[in-house]
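Below you'll find the structure, written out as structure tokens, and then a few comments.
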Protein chains: 2
Amino acid sequence: MKTAGREAWTLLLDLWGTQRSRVSAIAGEVDLAPRQMHLLRLLDEPLPMSRLASALRCDPSNVTGIVDRLEERGLIERRTAPDDRRVKMLALTAEGARVRDRIRERWLEPPEAIASLSAKDQRALRDVLRRAGVSPAPGRKGSPRPS
Amino acid sequence: MKTAGREAWTLLLDLWGTQRSRVSAIAGEVDLAPRQMHLLRLLDEPLPMSRLASALRCDPSNVTGIVDRLEERGLIERRTAPDDRRVKMLALTAEGARVRDRIRERWLEPPEAIASLSAKDQRALRDVLRRAGVSPAPGRKGSPRPS
DNA sequence: TATTGTTATACTCTATAACTATA
DNA sequence: TATAGTTATAGAGTATAACAATA
């Protein structure tokens with residue numbers, strides 16, 4: 001009964017496992033630590049630091065350090081929000097946007113296991129996952145599950 | 001053309017993103033740090049430390065510390081291999097096996113997004129992923145892609 | 001009073017390089 | 001010489017709690 005769901009999940013976890021090396025590899029290519037790479041990857045429009053903390057699913061106090069290092073590298077900058085001077089908006093510099101684009105390009109490239117599927121299987125996979133109603137991380141466009 | 005594969009991959013990454021909180025949650029339930037939880041999760045038969053390093057995809061020097069903490073907690077023990085006295089086999093204690101079982105039970109429980117799919121969709125997902133030929137992590141049984 | 005971000009603290013994870021004890 | 005594991009080191013991520021500035 002639930003067997004198919006459980007096996008599907010196990011296979012997803014295995015596929016996920018192979019991605020650990022990918023994260024290090026991509027981070028290494030742009031000479032950033034993994035979390036710094038992820039923060040940059042998630043940034044489009046300027047966002048308050050608190051939003052990044054929830055996108056990265058970590059405590060807000062961590063974001064301070066990650067942002068410090070990205071700012072030292074000249075990839076992002078902190079801008080005090082005009083309407084509420086407590087919040088700081090994180091904005092990409094021109095260089096930061098270039099690095100982010102490079103990260104995304106690599107990040108969104110499907111791994112061999114997915115790329116080698118037949119076109120039909122790829123469509124089937126996409127359709128099932130759409131129906132699974134996964135909500136994208138904050139900072140990304142996309143339509144969450146209909147209510 | 002490649003659009004379906006790319007969208008499928010994006011959806012998988014989103015689903016993956018939701019698992020970060022799950023890891024912390026499960027680790028918290030058994031009062032272990034995330035990597036300690038993962039090492040325990042991967043252990044069945046006694047394995048040399050080097051095998052765990054590759055299963056965890058990290059440098060062997062890290063395994064020393066992770067194992068130290070698990071050993072202090074009485075969850076695993078180091079046994080010198082009789083045939084090659086350089087290698088240390090990691091073996092679960094009785095308590096370690098109990099904790100590992102609890103971790104696995106939670107770990108293999110499909111998240112809401114998968115569990116709420118129709119039985120038909122779950123089977124379709126499983127079948128496509130089987131065809132994707134993902135190899136499981138070392139230390140697990142399972143048939144890798146047929147050659 | 002409540003909230004945003006920072007700091008201080010203590011711990012864990014990380015890779016690199018040098019070391020040991022075996023082989 | 002080569003390999004399995006350790007130690008030392010330095011840097012990064014992690015949550016908690018206390019704090020400043022602002023609301």
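Numbers restart at 1 for each chain; the letters A, B, ... are given by sequence-line order, proteins then strands. Small disclaimer: the values here were computed from a predicted structure and weren't measured. FYI, side chains are in, hydrogens and waters are out, and symmetry mates aren't considered; it's all heavy atoms of this structure.
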*Under 4.0 Å between a side-chain N/O of B:Ser50 and OP1 or OP2 of D:dT3, yes or no?*
no
*asked:* Heavy atoms only, 4.0 Å cut-off, all strands: where does A:Asp84 land among base, sugar-phosphate and nothing?
replied: sugar-phosphate
*Earlier contact from the 5' end, DNA chain C, for A:Asp68 and B:Leu56*: A:Asp68
*Confirm from the modelled atom types if A:Arg85 and D:dT22 form a donor-acceptor pair under 3.5 Å, side chain to base only.*
no
*Take A:His38 and A:Arg41 through the test side-chain hydrogen bond (donor to acceptor under 3.5 Å, both in side chains) and record every step on the way to the result.*
CA-CA 5 Å; A:His38 282 300; A:Arg41 178 174 68 77; 3.1 Å; yes
_For the backbone of A:Leu32 and the side chain of A:Arg69, can you confirm whether one donor and one acceptor N or O come within less than 3.5 Å of each other?_
no
Gap between atoms [atom1] and [atom2], on [X] and [N] respectively (whole Å):
| X | N | atom1 | atom2 | answer |
| --- | --- | --- | --- | --- |
| B:Lys88 | D:dT7 | NZ | P | 8 Å |
| A:Asp83 | C:dT3 | CG | C1' | 14 Å |
| A:Leu52 | C:dT4 | CG | C1' | 14 Å |
| B:Asp59 | C:dA15 | CG | P | 6 Å |
| B:Leu39 | C:dT12 | CG | P | 15 Å |
| B:Leu70 | C:dC13 | CG | C1' | 13 Å |
| A:Arg51 | C:dG5 | CZ | P | 11 Å |

_Rounded distance (nearest 0.5 Å) linking atom CG of A:Leu90 with atom CG of A:Leu42_ = 11.5 Å
*For the pair B:Arg73 and B:Glu95, find out whether any cationic side-chain nitrogen is under 4.0 Å from an anionic carboxylate oxygen.*
no
*Look at the side chain of A:Arg86 and decide which nucleotide, out of D:dT3, C:dA2, C:dT6, has an atom nearest to it.*
C:dA2
*Can you check whether B:Asp44 reaches B:Arg100 side chain to side chain, under 4.5 Å on heavy atoms?*
yes
*asked:* How would you summarise protein contacts on nucleotides 8-13 of chain D per nucleotide, using B for base, S for sugar-phosphate only and - for none, with heavy-atom distances below 4.0 Å?
replied: ----SS
_Shortest non-hydrogen contact from B:Thr64 toward B:Arg78_ = O-NH2, 4.0 Å
